[in-house]
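These numbers come from a predicted model, not from an experiment. Below, all heavy atoms of this structure are taken into account, side chains as well, without hydrogens, waters or symmetry copies.
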Amino acid sequence: MPELPEVEVLCYSLIPFVLNKVITRIVIYQYSLRYPVPNNLEDKLVGQTINTICRIGKYILFKTQKGTIISHLGMSGNFVIKNKNHIIAKNEHVIIGFDNFDLCYIDNRRFGLILWTENDPLTHKLLKNVGIDPFSDKFTVHFLWRSLLSKKTNIKQFLMNGKIISGIGNIYANEILFISKINPYTVSRSIPFEKCQILFNNIRQILQLAIQYGGTSIRNYIDAHGISGSFQNKLKVYGKAGHTCSMCNMYSLVIVKINQRSTVYCPYCQK
DNA sequence: ATTGGAACCTGGTGGC
DNA sequence: TGCCACCAGGTTCCAA
């Protein structure tokens, strides 16, 4: 479910529920996520107030006075607000309980994680290598240009490399390359500066638009209010292999695997 | 130092 | 209906 736009929308939708609220209970049904859920979470969190909620790359951080919950949704994770005494869903692994509601972490594939740190979260092993956020002031055309020159991999993998730019996953990498008219196999360092400028603008544009539409909801993604995003209706290539390209109205969109991820593109438009 | 591939999981879908 | 292969919004780890 989660690339930058989905995580951003979820994060934002959680704020009115959990910000400045006191955690009253912790229930862990499944410790085995990408990393084990800390078994002292209850001791650490009950009585604590959530002071800040923020997104770093695809991570969501919940800060309290004593420390920070570091979470990541993996491929299928989600946080959902439920009534107290709700029926426990399958794959509901962790409940962070508040006075009047429960914040539930649900994740069928268990590639996500919930961890706790009492140090500066930015120094945490998982966060210290998170790349530049596309909406940060530090993300500039020149940063992108220098990064492109430093890599010999294909541009698709470059965009999905969260250690360079954080937040772009498979869906948006496909969409960004399509509107930028860049072939996904193109070697990063061979991209000319003019294309780099186009790419730069499109990265922000696509992600911004996806956020405005509430993210992309295929399969099961919903925000904390239970609302689905609608950017799936705006997708031009992802999930559209075999359809006629919307740019040239001539060639069929082709699907290939690049670094084990489905990649859809127009061989005519994306040279 | 880089990079491609396997691994971690569950659940849904389509073909036979 | 059942079984099986394959697919899925991500990331880390290991071997070449």
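Nucleotides C:dT11 and B:dA1 have their P atoms positioned 23 Å apart, rounded to a whole Å.
A:S188 is linked by a side chain to side chain contact (heavy atoms under 4.5 Å, CB included) to A:L148, A:K151, A:T153, A:I155, A:F158, counting only residues two or more places apart in sequence or in another chain. Taking the ring pair (Phe, Tyr, Trp, His ring centres under 6.0 Å) definition, one finds that A:Y213 meets it with nothing, sequence neighbours left out.
Close to C:dT11, at under 4.0 Å from its OP1 or OP2, lies a side-chain N or O of A:H72.
Heavy-atom distances under 4.0 Å link DNA chain C to A:K257, A:R261, A:S262 of residues 253-262 of chain A, given in residue order. Within residues 145-164 of chain A, the residues approached by DNA chain B to less than 4.0 Å at the level of any non-hydrogen atom are A:K152, A:T153, A:Q157, in residue-number order. Looking at residues 173-189 of chain A, you'll see that no heavy atom sits under 4.0 Å from any atom of DNA chain B.
A:Y238 comes within 4.0 angstrom of sugar-phosphate atoms only, judged by non-hydrogen atoms across all strands, and of no base.
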Expected list for residues 245-262 of chain A: side-chain donor-acceptor pairs under 3.5 angstrom, two or more places apart:
| unit_1 | atom_1 | unit_2 | atom_2 | d |
| --- | --- | --- | --- | --- |
| A:K257 | NZ | A:S262 | OG | 3.4 |

Using atom types as modelled, flag every donor-acceptor pair under 3.5 Å from a side chain in residues 264-271 of chain A to any protein atom, sequence neighbours excluded.
| unit_1 | atom_1 | unit_2 | atom_2 | d |
| --- | --- | --- | --- | --- |
| A:Q270 | OE1 | A:C266 | N | 2.9 |
| A:Q270 | NE2 | A:L177 | O | 3.3 |
| A:Q270 | NE2 | A:I182 | O | 2.9 |
| A:K271 | NZ | A:Y268 | O | 3.3 |

Indicate every side-chain donor-acceptor pair of residues 58-75 of chain A with a distance under 3.5 Å to a residue at least two apart or in another chain.
| unit_1 | atom_1 | unit_2 | atom_2 | d |
| --- | --- | --- | --- | --- |
| A:T64 | OG1 | A:Q48 | OE1 | 3.0 |
| A:T64 | OG1 | A:K66 | N | 3.3 |
| A:T64 | OG1 | A:G67 | N | 3.3 |
| A:T64 | OG1 | A:G67 | O | 3.2 |
| A:Q65 | OE1 | A:T49 | N | 3.2 |
| A:S71 | OG | A:I60 | O | 3.0 |
| A:H72 | ND1 | A:G74 | N | 2.9 |

Side chains of residues 199-211 of chain A: which donor-acceptor partners sit under 3.5 Å, not counting sequence neighbours?
| unit_1 | atom_1 | unit_2 | atom_2 | d |
| --- | --- | --- | --- | --- |
| A:N201 | ND2 | A:Q197 | O | 3.3 |
| A:N202 | ND2 | A:S180 | OG | 2.9 |
| A:N202 | ND2 | A:I198 | O | 3.4 |
| A:R204 | NE | A:P134 | O | 2.7 |
| A:R204 | NH2 | A:P134 | O | 3.3 |
| A:R204 | NH2 | A:S136 | O | 2.9 |
| A:R204 | NH2 | A:F139 | O | 3.3 |

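The 12-atom threshold is not exceeded at CG of A:D137, counting heavy atoms of other residues, nucleotides or ligands nearer than 6.0 Å. Within a 6.0 Å sphere centred on NZ of A:K152, heavy atoms belonging to other residues, nucleotides or ligands number 12 at most. The number of heavy-atom neighbours closer than 6.0 Å to NZ of A:K21, taken from other residues, nucleotides and ligands shown, is above 12. The number of heavy-atom neighbours closer than 6.0 Å to CZ of A:F193, taken from other residues, nucleotides and ligands shown, is above 12. Around atom NZ of A:K181, no more than 12 heavy atoms belonging to other residues, nucleotides or ligands sit under 6.0 Å away.
Partner of A:K156 under the side chain to side chain donor-acceptor pair (under 3.5 Å) criterion, out of A:T186, A:N170, A:N161: A:N170 alone.
Straight-line distance from the NZ atom of A:K58 to the P atom of C:dG10: 4 Å, rounded to whole Å. Summarising the geometry, the separation between NE2 on A:H93 and C1' on B:dC8 is reported as 13 Å, rounded to the nearest angstrom. Residue A:L33 contributes atom CG, which lies 15 Å from atom P of C:dT11 at whole-angstrom precision. We find that CG of A:L113 is positioned 12 Å from C1' of C:dT12, with the value rounded to whole Å.
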Using nucleotides 10-14 of chain B, report all nitrogen or oxygen pairs with the protein that are shorter than 3.5 Å.
| unit_1 | atom_1 | unit_2 | atom_2 | d |
| --- | --- | --- | --- | --- |
| B:dT10 | OP1 | A:R110 | NH2 | 2.9 |
| B:dT10 | O4' | A:N108 | O | 3.0 |
| B:dG11 | OP1 | A:K90 | NZ | 3.2 |
| B:dG11 | OP1 | A:N91 | ND2 | 3.0 |

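Residue A:F111 and nucleotide C:dT11 are not classified as a stacked aromatic pair, given the requirement of ring centres less than 5.5 Å apart at an interplanar angle below 30°.
Note on residues 29-56 of chain A: pairs passing salt bridge (charged side-chain N to carboxylate O under 4.0 Å, His left out), not counting sequence neighbours, are A:E8-A:R55, A:K44-A:E118, A:R55-A:D133.
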Verify side chain to side chain contact (heavy atoms under 4.5 Å, CB included) between A:T123 and A:K128, making sure each step is shown before the conclusion.
CA-CA 5 Å; A:T123 64; A:K128 67 182 180 195; 5.8 Å; no

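Between A:K84 and A:D99 there is no salt bridge, since no side-chain nitrogen of the basic residue lies less than 4.0 Å from a carboxylate oxygen of the acidic one.
In DNA chain C, runs of at least 3 stacked Watson-Crick or G-U pairs (N1-N3 plus N6-O4 or O6-N4, or N1-O2 plus O6-N3, all under 3.5 Å) give these stems: B:2-8 with C:10-16, B:10-16 with C:2-8.
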